[in-house]
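Data block below; observations after.
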Amino acid sequence: MIYLQAIFYYVIRHYDKRHQNFTTVLNLIRQSNPDSTGVSQLDKLFKDWESKEPDSIGVKQYKHFKVAASVPKMMSTIIMVATARLAAFNIKEVAELTDTDDMEIDRIGMPLDDDSELLKDINKKAGKHIGNGKIAYFIITKPSDSTFNYLASLFYTQVFSMIDENAKRCGGSLPTSLDIFMDEWPQLRRN
């Protein structure tokens with residue numbers, strides 16, 4: 001987890017929103033193999049980051065990883081486990097689905113009127129355009145196949161987090177009512 005956290009922090013700090021995805025994380029993991037001197041491309045990236053921001057949490061986590069992975073066999077095990085956890089994002093269709101954010105979940109519960117003063121104020125504070133709350137999602141999973149249920153779970157986690165964030169943006173409650181209808185909810189925990 002420490003290794004992945006370091007890489008996630010690196011991606012958040014050094015990549016624009018378009019490239020803050022699992023494909024980028026996996027590409028950085030692939031740069032973990034040390035050369036003949038024992039230094040990897042990933043080591044160099046973190047060393048450069050450390051020279052600019054030595055107190056960054058990502059730099060600190062990477063240092064912890066390097067201590068834990070001081071034995072080459074341990075390092076390869078950590079990298080292999082991290083890669084295995086993200087293996088599904090190596091599937092082309094899953095990568096394409098998750099590489100870009102076009103779900104606009106930041107619209108959930110927002111005012112219905114694009115011209116409302118509240119929405120204009122929220123957009124000004126956010127520094128970006130958040131659309132109105134007229135949005136619907138249909139997430140369909142197969143009861144007989146739980147292979148990709150983790151994607152639905154990932155989406156739901158993000159939605160519930162966004163509901164809280166948008167309620168805070170709007171003074172404590174959502175201006176547009178939100179209805180969630182979920183069938184077969186327990187099946188998502190099978191993975």
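The structure displayed is predicted, hence computed values, not measured ones.
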Check the surroundings of atom [atom1] in [X]: do more than 12 heavy atoms from other residues, nucleotides or ligands lie under 6.0 Å from it?
{"X": "Lys47", "atom1": "NZ", "answer": "no"}
{"X": "Arg13", "atom1": "CZ", "answer": "no"}
{"X": "Met74", "atom1": "CE", "answer": "no"}

Legend entry - ring pair (Phe, Tyr, Trp, His ring centres under 6.0 Å): pairs with one or both residues in residues 106-141, sequence neighbours excluded: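 Residue pairs with at least one partner in residues 106-141: Tyr137-Phe155.
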Legend entry - Check ion pair Lys52-Asp48 (N to O, under 4.0 angstrom):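 Between Asp48 and Lys52 there is a salt bridge, with a charged N closer than 4.0 Å to a carboxylate O.
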Legend entry - Under-4.0 Å salt bridge between Arg107 and Glu104: yes
Which donor-acceptor pairs under 3.5 Å do the side chains of residues 55-63 make with protein atoms, sequence neighbours left out?
| from | atom 1 | to | atom 2 | distance (Å) |
| --- | --- | --- | --- | --- |
| Ser56 | OG | Gly58 | N | 3.3 |
| Gln61 | NE2 | Gln5 | OE1 | 2.4 |
| Tyr62 | OH | Asp43 | OD1 | 2.5 |
| Lys63 | NZ | Glu50 | OE2 | 2.7 |

Inset, instruction - Would you mind listing every salt bridge (charged side-chain N to carboxylate O under 4.0 Å, His left out) that reaches into residues 76-94, with sequence neighbours excluded? - result: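 Output for this query lists Lys92-Glu96.
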Legend entry - Residue pairs passing the salt bridge (charged side-chain N to carboxylate O under 4.0 Å, His left out) test where at least one lies in residues 27-42, sequence neighbours excluded: none
Nearest 0.5 angstrom please: [X] [atom1] to [Y] [atom2], how far?
{"X": "Met80", "Y": "Lys73", "atom1": "CE", "atom2": "NZ", "answer": "9.0 Å"}
{"X": "Thr100", "Y": "Gln20", "atom1": "OG1", "atom2": "CD", "answer": "13.5 Å"}
{"X": "Asp114", "Y": "Asn132", "atom1": "CG", "atom2": "CG", "answer": "4.5 Å"}
{"X": "Leu178", "Y": "Asn166", "atom1": "CG", "atom2": "CG", "answer": "10.0 Å"}
{"X": "Asp164", "Y": "Leu174", "atom1": "CG", "atom2": "CG", "answer": "9.0 Å"}
{"X": "Asp106", "Y": "Ile122", "atom1": "CG", "atom2": "CD1", "answer": "10.5 Å"}

Legend entry - Under the ring pair (Phe, Tyr, Trp, His ring centres under 6.0 Å) test, residues paired with Phe8 that sit two or more places apart: none
Inset, instruction - For His19, enumerate each residue passing the ring pair (Phe, Tyr, Trp, His ring centres under 6.0 Å) test, keeping only those at least two apart in sequence or located in another chain. - result: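 Applying ring pair (Phe, Tyr, Trp, His ring centres under 6.0 Å) to His19 gives none.
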Legend entry - Minimum side-chain heavy-atom gap Lys128-Asn123 below 4.5 Å: no
Inset, instruction - Determine whether Ser32 and Leu42 make a side-chain contact, defined as any pair of heavy atoms from C-beta on separated by less than 4.5 Å. - result: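 SC-SC contact between Ser32 and Leu42 confirmed.
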Legend entry - Ser40 and Asn33 side chains, donor-acceptor separation under 3.5 Å: no
For a quick test of reading the model, state the closest non-hydrogen atom pair linking [X] to [Y] and the distance between them.
{"X": "Ala69", "Y": "Ile78", "value": "CB-CD1, 3.9 Å"}
{"X": "Trp49", "Y": "Ala6", "value": "CZ3-O, 4.4 Å"}
{"X": "Asp99", "Y": "Asn21", "value": "O-ND2, 3.1 Å"}
{"X": "Leu118", "Y": "Pro175", "value": "CD2-CG, 3.9 Å"}
{"X": "Ala152", "Y": "Thr141", "value": "CB-CG2, 3.7 Å"}
{"X": "Ile130", "Y": "Leu119", "value": "O-CD1, 3.6 Å"}

Legend entry - Positive for ring pair (Phe, Tyr, Trp, His ring centres under 6.0 Å) with Tyr3, one of Phe65, Tyr9, Tyr10: Phe65
Inset, instruction - Go through Thr147 and Asp145 one step at a time and tell me if the side-chain hydrogen bond (donor to acceptor under 3.5 Å, both in side chains) criterion holds. - result: CA-CA 6 Å; Thr147 305; Asp145 184 1; 2.4 Å; yes
Inset, instruction - Might you work through the side chain to side chain contact (heavy atoms under 4.5 Å, CB included) test for Ile79 and Met75, ending with a clear yes or no? - result: CA-CA 6 Å; Ile79 293 169; Met75 179 180 286; 3.7 Å; yes
Inset, instruction - Using the side chain to side chain contact (heavy atoms under 4.5 Å, CB included) rule, take Ile163 and Ile180 through it: C-alpha gap first, then chi angles, then the decisive distance, then the call. - result: CA-CA 12 Å; Ile163 290 168; Ile180 299 176; 4.2 Å; yes
Inset, instruction - Check Leu26, Leu86, Thr24, Leu28 against Ile7 for a side-chain contact (heavy atoms from CB on, under 4.5 Å) and give me the one that passes. - result: Leu28
Inset, instruction - Under the side chain to side chain contact (heavy atoms under 4.5 Å, CB included) rule, what do Leu151 and Thr98 come out as? Steps first, then yes or no, please. - result: CA-CA 9 Å; Leu151 289 172; Thr98 60; 3.9 Å; yes
Inset, instruction - Apply side chain to side chain contact (heavy atoms under 4.5 Å, CB included) to Ile139 and Tyr156, showing your working. - result: CA-CA 9 Å; Ile139 308 300; Tyr156 295 136; 3.5 Å; yes
